[in-house]
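Down below is the structure, laid out as structure tokens.
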Amino acid sequence: MLKQVKEDPGYIMKGDTITLKCIKESGEVNMFYLVHEKPNGKNESQQQSTGEFLFRSIQKENNGDYFCRYCNQKACSEFSSPLNIFVHDVFPRPHINVSPQRIVHPGTTVTITCTTVYSNVEFSLFQNNTIFKNGNDGGNQFSYVISNASQGNVGFYSCMFKSKTNGMRSVRSNTMKISVLELHTSFDVLGRRSQ
């Protein structure tokens, strides 16, 4: 069996360190073999005396299917089932949330929060496709507070982030529209005030 081990769960990102672990069933092993079948059909192989194959700073060239087998002095095992490795060069989109809601009255406090599963990142917040705020609250989120909502805050908001380590960026989040609507006082047919 072949399995992938990585410190951070989630996508395998360009520059990550991963380990492919060839797990033997039983018995003595002299050599482990790892075969990399590249998307272009070419194969590369590695051999070593331990079953853990370390990849430091993994790159797009490492994409493909991996198989392992092990041998002792008498025979070799069958090849494992394939393990597909796909190295991403952009992070997945962060999540954006607007609280208390996306349609508010003037003067309402609105909080826009962007989150991701990745840490050590800096967020960029967009209003109508223009960056207007960068930052990080620590960890894996960033919140921006509109303390007195007005017509100037109406618009489409989204966010993205980049790694502080290698500068790699995410895909931009989904868009949230914030609307600020006036409360209108009206009168019913009997002249009573209603809202």
Side-chain angles (χ1 to χ4, degrees), residues 4-20 38-40 54-65 83-187 193-195:
Q4 180 246 318
V5 181
K6 183 174 172 259
E7 283 183 26
D8 294 327
Y11 283 27
I12 299 173
M13 302 302 300
K14 183 176 159 184
D16 280 352
T17 296
I18 69 164
T19 300
L20 298 185
K38 295 183 171 196
N40 64 10
L54 180 66
F55 292 80
R56 292 185 196 279
S57 191
I58 198 160
Q59 301 297 313
K60 296 286 280 182
E61 309 75 75
N62 299 116
N63 285 347
D65 289 327
L83 175 68
N84 183 267
I85 299 293
F86 185 81
V87 180
H88 296 267
D89 55 3
V90 292
F91 288 105
R93 72 180 72 237
H95 177 74
I96 187 169
N97 185 51
V98 176
S99 178
Q101 55 197 25
R102 292 183 284 165
I103 301 173
V104 296
H105 300 295
T108 303
T109 297
V110 178
T111 303
I112 303 167
T113 304
C114 293
T115 57
T116 180
V117 297
Y118 298 96
S119 55
N120 201 23
V121 298
E122 180 175 76
F123 289 90
S124 296
L125 187 60
F126 295 79
Q127 180 184 15
N128 300 323
N129 290 320
T130 302
I131 294 176
F132 77 96
K133 192 74 175 168
N134 291 309
N136 184 311
D137 295 341
N140 59 354
Q141 77 172 25
F142 174 65
S143 294
Y144 176 73
V145 177
I146 301 170
S147 57
N148 189 11
S150 68
Q151 288 301 313
N153 303 118
V154 170
F156 294 91
Y157 291 82
S158 61
C159 61
M160 65 186 302
F161 64 90
K162 71 175 181 179
S163 168
K164 291 181 181 179
T165 307
N166 62 20
M168 199 167 12
R169 296 185 179 279
S170 73
V171 175
R172 198 172 316 175
S173 72
N174 291 328
T175 302
M176 292 279 190
K177 181 179 182 187
I178 294 179
S179 300
V180 179
L181 300 177
E182 295 283 340
L183 264 180
H184 294 286
T185 303
S186 59
F187 295 91
R193 180 184 287 197
S194 61
Q195 292 191 3

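A parallel orientation is assigned to the rings of Phe142 and Phe123, their planes being inclined by less than 30° (bins at 30° and 60°).
Smallest separation of non-hydrogen atoms from Asp89 and Lys60: OD2-CE, 4.1 Å. Residue Ser143 comes nearest to Asp137 through the heavy atom pair N-OD2, 2.7 Å, listed as atom of the first residue, atom of the second, then distance. What you find for Pro94 and Ser173 is that their closest heavy atoms are O-CB, 3.3 Å. Contact record, Lys14 with Met168: O-CE, 3.2 Å, taken as the closest heavy-atom pair. Of all heavy-atom pairs between Thr109 and Ser147, the closest is OG1-O, 3.2 Å.
Here the side chains of Ile85 and Ile58 are in contact, with some heavy-atom distance below 4.5 Å. Put simply, the side chain of Ile112 reaches to within 4.5 Å of the side chain of Leu125, judged on heavy atoms. Ile146 places none of its side-chain heavy atoms less than 4.5 Å from the side chain of Val104.
Not one N or O on the side chain of Glu182 forms a donor-acceptor pair closer than 3.5 Å with the backbone of Pro106. Ser170 contributes a side-chain N or O that, together with a main-chain N or O of Phe161, makes up a donor-acceptor pair within less than 3.5 Å. Side-chain N or O atoms of Asn128 include none that pairs as donor or acceptor with a backbone N or O of Gly155 at under 3.5 Å. Formation of a donor-acceptor pair under 3.5 Å by the Glu122 side chain with backbone atoms of Gly167 is not found in this model. In terms of modelled atom types and a separation under 3.5 Å, the side chain of Asn140 and the main chain of Ser119 share no donor-acceptor contact. A side-chain donor-acceptor contact under 3.5 Å links Asn136 to the backbone of Val121. Using a distance-only test at 3.5 Å, with no hydrogens or angles considered, a donor-acceptor pair links the side chain of His105 to the main chain of Leu181.
Listed by chain and residue number, Ser163 satisfy the side-chain hydrogen bond (donor to acceptor under 3.5 Å, both in side chains) test with Asn166 (two or more places apart in sequence, or in another chain).
The structure places OG1 of Thr19 at 8.5 Å from CZ of Arg56, a figure rounded to the nearest 0.5 Å. Separation of atoms CG (Asn63) and NE2 (His88) is listed at 8.5 Å; rounding is to 0.5 Å. The CZ atom of Arg172 sits 10.5 Å away from atom CZ of Arg93, with the distance rounded to the nearest 0.5 Å. If you take CE on Met176 and OG1 on Thr113, they are separated by 10.5 Å, rounding to the nearest 0.5 Å. Note that CD1 of Ile18 is 7.5 Å distant from CG of Asn62, once rounded to the nearest 0.5 Å. To the nearest 0.5 angstrom, Thr116 atom OG1 is 11.5 Å from His95 atom NE2.
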Go through the steps to decide whether Asn153 and Val110 satisfy the test side-chain contact (heavy atoms from CB on, under 4.5 Å), and finish with yes or no. CA-CA 10 Å; Asn153 303 118; Val110 178; over 6 Å; no
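Under the 3.5 Å distance criterion, with hydrogens and angles disregarded, a donor-acceptor pair is assigned to the side chains of Gln59 and Ser57.
The environment of NZ in Lys164 is crowded: more than 12 heavy-atom neighbours from other residues, nucleotides or ligands sit within 6.0 Å.
Test Phe132, Phe126, Tyr157 against Tyr144 for ring pair (Phe, Tyr, Trp, His ring centres under 6.0 Å) and you get one pass: Phe132.
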